[in-house]
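Here the structure is laid out as structure tokens; the discussion comes afterwards.
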Amino acid sequence: MISIVVVAALALLALITQAGVLALQRAYPAQGRMIEVGGASLNVLEIGPREAAGPPIVMIHGASSNLEAMRRPLGDRLAAHHRVILIDRPGHGWSPRARLQDSTPAVQARMIDEALEKLRLGPAIFVVHSWSGALGARMALDYPERVAGLVMLAPAAYPWPGGVGWYNKLVATPVIGPLLAYTVTLPVGWFLVEPGARGVFLPQTMPENFIDDTATKLLLRPSEFLANAWELVALKAAVAEQAPRYGDIRVPAVVISGDADETVSTTRHSRPFAKAVKGAKLIVLPGVGHMIQNAAPDLVISEIEAMIGRIAQGRAAAAN
């Protein structure tokens, strides 16, 4: 009898989850167009003038989010004068990927490079946040011809003590993970997503309507929740492998972090990265937490504009 009740409850939760997925996808439809790459279909949104002077700007979100997390505070403003490309990382937003195992910065850098090649995009400034700090660094290492400069916002770049949250390890476990993702994650997560997001913003206050404006609840879909957990679990080993190469990065780099960030430690990640990369500029904001793009958008845009200006001066000097 207990087994029957458990199976019936799981079946009901699975139906609720599927109904929830349909509702979420109607509420937050895709923005952008699909580009097929090896192992994924990447949702890419281009905004701003295509023929704008200076390098284009590629913006890549971190974990537990999608391209709207970069578009809202930064992308729309930059698009007034620049060509801006926003990408849902493989497995996130509207970018499905074929294999959960494709969870490392190295694999996703290859996918993004392939997509940008199909767009015939020249060297771009990469603006990357959190998990994608490791991805931006990997782009500069493996595809330096694609990267004109790096603007790293609260980047994850080095291994850290301990691991990740127990629930991510559980969801990344074969059999158990998919069972949870396709039954309980969405119904339970519906009530936890807002307090979880508020925690990431601390000590700043989460902007009003942030959850809806950034389609954050898309994360609760089983496929995306699984992809996100696998990436978080894989990140520590991935950055341990690539960190010794950071001294080989030769593109201009700016690292902006907050000294109150309790999600990605500035001391453990931003400071050593800026020290390892020749000529990198480090900005540490007092009293600021993890969501740099929301806490200091004017500063981030100013640093991007300054980098574009320096690149233009360098090109002019080389031409003469």
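Only this structure's heavy atoms are used, side chains among them; waters, hydrogens and symmetry mates stay out. From a predicted model like this one, the values you see are computed outputs, not experimental measurements.
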V84, V151: one ILVMFWY side-chain cluster at the under-4.5 Å cut-off? yes
R33 atom CZ, over 12 foreign heavy atoms within 6.0 Å: no
Give a yes or no on whether the backbone of Y158 and the side-chain of H269 come within a donor-acceptor separation of less than 3.5 Å. yes
Will you find, in the side chains of T104 and R138, an N or O donor that is under 3.5 Å from an N or O acceptor? no
Taking R110 first and then D102, would you say they form a salt bridge - that is, a charged N and a carboxylate O separated by under 4.0 Å? no
With no hydrogens and no angle check, is any side-chain donor or acceptor of T173 less than 3.5 Å from a backbone partner on I176? no
Any side-chain donor near an acceptor of the partner, E305 and H81, under 3.5 Å: no
Is the shortest distance from a Lys or Arg side-chain nitrogen in D298 or R77 to a carboxylate oxygen in the other one below 4.0 Å? yes
How are the rings of F210 and F201 set to each other: parallel, tilted or perpendicular (split at 30° and 60°)? perpendicular
Between the side chain of Q31 and the main-chain N/O of L45, is any donor-acceptor distance below 3.5 Å? no
For M59 and Q293, what are the C-alpha separation, side-chain angles and deciding distance, and is it a side-chain contact (heavy atoms from CB on, under 4.5 Å)? CA-CA 11 Å; M59 313 194 82; Q293 63 267 43; over 6 Å; no
Donor-acceptor contact below 3.5 Å, side chain N43 vs main chain M34: no
Please check this pair: side chain of R50 against backbone of I47, looking for a donor-acceptor N/O pair closer than 3.5 Å. no
Can you see whether Q25 engages R221 through a side-chain donor-acceptor pair at a distance of less than 3.5 angstrom? yes
Please answer whether the main-chain N or O of G258 pairs with a side-chain N or O of T266 as donor and acceptor at a distance below 3.5 Å. yes
Report yes or no: does K118 contribute a side-chain atom to a donor-acceptor pair with the main-chain N or O of V37 at less than 3.5 Å? no
Would you say I249 and F273 make side-chain contact, with heavy atoms under 4.5 Å? yes
Membership question, hydrophobic clusters at under 4.5 Å side-chain separation (ILVMFWY): are L86 and I57 in the same one? yes
Are any side-chain N or O atoms of N209 and backbone N or O atoms of D212, one a donor and one an acceptor, separated by less than 3.5 Å? no
Take atom CD of E208 as the centre, draw a 6.0 Å sphere, and report whether it contains more than 12 heavy atoms from other residues, nucleotides or ligands. no
For residues 62-70, tabulate all N or O donor-acceptor pairs below 3.5 Å that involve a side-chain atom, not counting sequence neighbours.
{"residue": "S64", "atom": "OG", "partner": "N228", "partner atom": "ND2", "Å": "3.1"}
{"residue": "S65", "atom": "OG", "partner": "H61", "partner atom": "ND1", "Å": "3.3"}
{"residue": "S65", "atom": "OG", "partner": "G62", "partner atom": "O", "Å": "3.3"}
{"residue": "S65", "atom": "OG", "partner": "A63", "partner atom": "O", "Å": "3.4"}
{"residue": "N66", "atom": "OD1", "partner": "E68", "partner atom": "N", "Å": "2.9"}
{"residue": "N66", "atom": "ND2", "partner": "T214", "partner atom": "O", "Å": "3.0"}
{"residue": "N66", "atom": "ND2", "partner": "A215", "partner atom": "O", "Å": "3.3"}
{"residue": "E68", "atom": "OE1", "partner": "R72", "partner atom": "NE", "Å": "3.3"}
{"residue": "E68", "atom": "OE2", "partner": "R71", "partner atom": "NH1", "Å": "3.4"}

Result of checking R97, E231, Q108 against S103 for side-chain hydrogen bond (donor to acceptor under 3.5 Å, both in side chains): R97
Under 3.5 Å, is there a donor-acceptor pair between the side chain of S95 and the main chain of D88? yes
Does E224 reach the main-chain N or O of G93 with its side chain, forming a donor-acceptor pair under 3.5 Å? yes
I want to check something: taking the side chain as every heavy atom from C-beta on, are E117 and Y143 in contact at a cut-off of under 4.5 Å? no
Mind checking whether W94 and L218 have side chains closer than 4.5 Å, heavy atoms only? yes
